[in-house]
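The next block holds one structure in the form of structure tokens; read it before the comments.
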Amino acid sequence: MPPDSFSAPIVIAFAVFILALAGVVIIHVRVRRHLAQLRGQLDQARQAQTHLTRETSARSQRLLEAERRAQDGAKALRDARTQQDLVRAETEHLISKRIPALLSHLRTPHVIVPGVQNQALAGTDIDKQHRAILDVFARGVRDEGERIDEAAQAVVRGAMSRAQTQALRAQDLLADLQQRYSSDEDTALLREVLGLDMFNELIIRRAQVTGIACGATPGLSRDDTYLVDLVVGAISRVENFELRIEGPANHLRRRIGVAARAAESILFIISELLANAVHHSHGTLKVTIAVHETNNGAAVVIDDAGVGLNEEQYARASQLLSGTHPVRLVDLGNPPRTGWAAIGRLVAHYGMQVTTKKSAFGGVQAVLSVPTTLLVEMPEDSRPSVLAPEPVRAAVPSAATAIRPQPVASSRPEHVASFGRPESAAASHQEPLAAPGQRRASAEDLAALPQRRRQSPRAASSSRPPGSSGGSDNAAGKPLTTPEEAQKRWGDFQVGAEAGRREALPSQQHDFTEGN
């Protein structure tokens with residue numbers, strides 16, 4: 001065969017091979033392109049799956065969060081309802097228990113105001129708000145109570161002032177009757193008048209103590225007065241004083257008097273302390289009273305053998321007698337016990353002090369301390385009343401004074417108590433006076449008191465020059481009445497007054513308005 005015959009198949013085979021190779025390449029390219037497309041689709045599917053997974057997770061989280069929020073909301077709703085129930089119950093407890101207890105506590109401090117009902121609320125805002133409500137309520141009740149009490153005290157002050165004025169006018173009329181019907185023919189009438197005078201004196205003291213407890217003044221004024229005279233006058237203001245009070249024991253060694261501005265107040269305080277001691281003692285027990293001088297002034301000591309006081313009563317007595325705490329009428333009981341409250345007002349006003357403690361007799365010992373600022377040394381030309389007791393520690397009389405006439409009062413039995421007006425009372429001890437030199441020497445050893453020199457009418461008349469016109473007795477040449485004669489006349493009058501009062505007044509009096 002010719003050579004061309006071999007090359008044609010080879011060319012054909014080569015062409016076929018080339019075509020096959022081209023087909024393979026084309027197929028390979030197509031396969032790779034298809035694989036690339038499939039890979040892209042797979043990546044997109046994976047991305048879509050990842051995105052879907054993320055969205056599913058987010059939806060799950062949102063669903064869980066929504067469920068958690070729903071649970072929290074339900075729990076908050078339950079807590080709110082529980083809290084609302086607690087607040088409602090606590091508010092009901094505030095209205096039904098705590099506010100009524102607070103009202104009772106304001107009337108009687110020993111009543112305890114309860115706290116919160118549920119201790120879980122202690123210290124919370126609810127507890128603070130309820131406490132604020134109670135504080136505002138208590139403040140409002142106190143303010144309104146004070147306003148009402150001040151109005152009531154003003155009414156009582158006005159009523160007692162008018163009653164005291166009328167009683168003082170009645171006292172002047174009774175005193176005039178005593179002077180007009182003092183003869184032997186009018187003994188029965190004088191006895192009745194003296195009984196009325198004593199009852200009128202008790203009315204004056206009751207009106208006085210009630211008015212002073214409500215802020216009034218004693219309503220009477222005096223000059224500088226011997227302290228022992230004030231004590232004697234205070235005794236005469238107590239019912240059945242001649243049977244129930246022993247004394248006074250005068251331990252003063254100087255001419256100690258009380259300044260005019262405080263004289264009536266001190267007399268009132270002593271009379272109220274005595275009335276309280278007599279009221280709380282058995283009818284057969286005596287109440288003793290003594291007057292002493294102290295480094296800071298003077299003291300009046302009153303002892304009784306009565307029922308005494310317990311610790312709570314002593315604390316209340318100290319609070320009322322100090323005068324440092326405001327007192328309302330509703331705090332004085334029913335019927336009101338105004339004695340200690342009235343004493344406390346005067347004590348705080350004048351700077352005095354009244355203390356109470358258990359006495360040696362088992363009762364109560366009350367001590368009135370009068371500061372030096374309220375005391376004066378009485379002038380030499382003035383003398384205590386004829387019924388004032390002599391000093392218990394008086395010196396032995398000298399030969400110069402031994403021949404002096406003895407007072408008429410000393411000739412009467414010592415157990416007889418003779419009192420007239422509230423300014424005078426009986427002497428329980430009648431001892432000789434000390435010599436002027438001895439009395440003056442003892443006074444110089446003690447601290448000096450303020451002195452008020454006043455010229456008595458007798459000294460003024462004796463100091464006039466000869467020829468000057470004096471009184472009607474001097475102009476007529478008649479001698480003046482001597483002190484001894486005046487003392488005798490007054491003593492005789494007091495003996496009759498005492499006898500009339502003893503028969504006019506019952507021996508046993510049960511007055512439930514006394515006491516403090």
Side-chain angles (χ1 to χ4, degrees), residues 107-110 146 149-150 152-153 156-157 160 164 202-219 230-231 234-235 237-239 241 244-245 262 264-281 287-289 299-359 363-371 374 511-516:
R107 291 192 299 267
T108 53
H110 67 273
E146 291 177 359
D149 196 78
E150 288 176 358
Q153 290 189 19
V156 173
R157 279 199 305 270
M160 291 302 103
Q164 185 178 359
L202 296 177
I203 293 174
I204 292 175
R205 185 169 62 83
R206 300 289 169 74
Q208 199 176 31
V209 66
T210 305
I212 293 175
C214 295
T217 60
L230 293 178
V231 173
I235 293 176
R237 289 187 173 185
V238 181
E239 199 166 4
F241 60 86
R244 302 298 310 280
I245 299 177
E264 177 63 24
S265 298
I266 291 177
L267 191 152
F268 167 80
I269 292 174
I270 298 173
S271 65
E272 280 302 311
L273 293 176
L274 285 172
N276 186 63
V278 169
H279 177 74
H280 292 286
S281 301
V287 174
T288 63
I289 180 171
V300 180
V301 183
I302 300 171
D303 286 282
D304 67 71
V307 296
L309 302 174
N310 55 34
E311 294 183 0
E312 182 180 354
Q313 290 171 333
Y314 273 118
R316 175 173 172 80
S318 300
Q319 178 181 357
L320 291 177
L321 293 174
S322 65
T324 57
H325 300 80
V327 179
R328 298 189 302 172
L329 291 178
V330 294
D331 301 329
L332 301 179
N334 185 19
R337 306 285 184 173
T338 56
W340 284 348
I343 293 174
R345 283 184 179 271
L346 295 179
V347 164
H349 179 73
Y350 288 101
M352 295 181 286
Q353 184 180 11
V354 175
T355 58
T356 56
K357 66 177 183 179
K358 186 176 181 180
S359 70
V364 177
Q365 181 185 81
V367 180
L368 168 63
S369 300
V370 184
L374 299 179
D511 191 348
F512 296 99
T513 62
E514 284 284 6
N516 299 295

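Both backbone and side-chain heavy atoms feed into the values below; hydrogens, waters and symmetry mates do not. By convention here, the first residue in the shown sequence is residue 1.
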Heavy-atom side-chain contact between [X] and [Y] under 4.5 Å:
X	Y	answer
Phe268	Val209	yes
Glu239	Leu202	yes
Val156	Thr210	yes
Trp340	Val327	no

Would you give the length of the straight line joining atom [atom1] of [X] to atom [atom2] of [Y], rounded to the nearest 0.5 angstrom?
X	Y	atom1	atom2	result
Met160	Cys214	CE	SG	8.5 Å
Gln208	Thr217	CD	OG1	9.0 Å
Gln313	His280	CD	NE2	8.5 Å
Ile302	Ile235	CD1	CD1	8.5 Å
Ile269	Arg345	CD1	CZ	13.0 Å
Ile343	Leu368	CD1	CG	8.5 Å

Salt bridge (charged side-chain N to carboxylate O under 4.0 Å, His left out) between Glu311 and Lys358, intermediate numbers included: CA-CA 10 Å; Glu311 294 183 0; Lys358 186 176 181 180; over 6 Å; no

Of the non-hydrogen atoms in [X] and [Y], which two are nearest, and what is the gap between them?
X	Y	value
Pro371	Gly351	CG-O, 3.7 Å
Asp303	Ser359	OD1-CB, 3.3 Å
Ser265	Pro218	OG-CG, 3.5 Å
Tyr314	Thr356	CD2-OG1, 3.8 Å
Val287	Asp304	CG2-CB, 4.0 Å

Taking side chain to side chain contact (heavy atoms under 4.5 Å, CB included) as the test, write out the residues that go with [X], two or more places apart.
X	answer
Ala213	Thr338, Ala341, Ala342
Gln319	His325
Ala299	Thr294, Val367
Asp149	Gln153, Arg328, Leu329

Side chain to side chain contact (heavy atoms under 4.5 Å, CB included) between Ile289 and Val301, intermediate numbers included: CA-CA 6 Å; Ile289 180 171; Val301 183; over 6 Å; no

Among Val370, Val231, Leu346, exactly one meets side-chain contact (heavy atoms from CB on, under 4.5 Å) together with Ile266. Which residue is that? Val370

Go through the structure and list residues passing side-chain hydrogen bond (donor to acceptor under 3.5 Å, both in side chains) with Ser322, not counting sequence neighbours. Thr324

Residue list, side-chain hydrogen bond (donor to acceptor under 3.5 Å, both in side chains) with Ser271, at least two apart or on another chain: none

Any salt bridge linking Arg205 with Glu272? Criterion: basic side-chain nitrogen under 4.0 Å from a carboxylate oxygen. yes

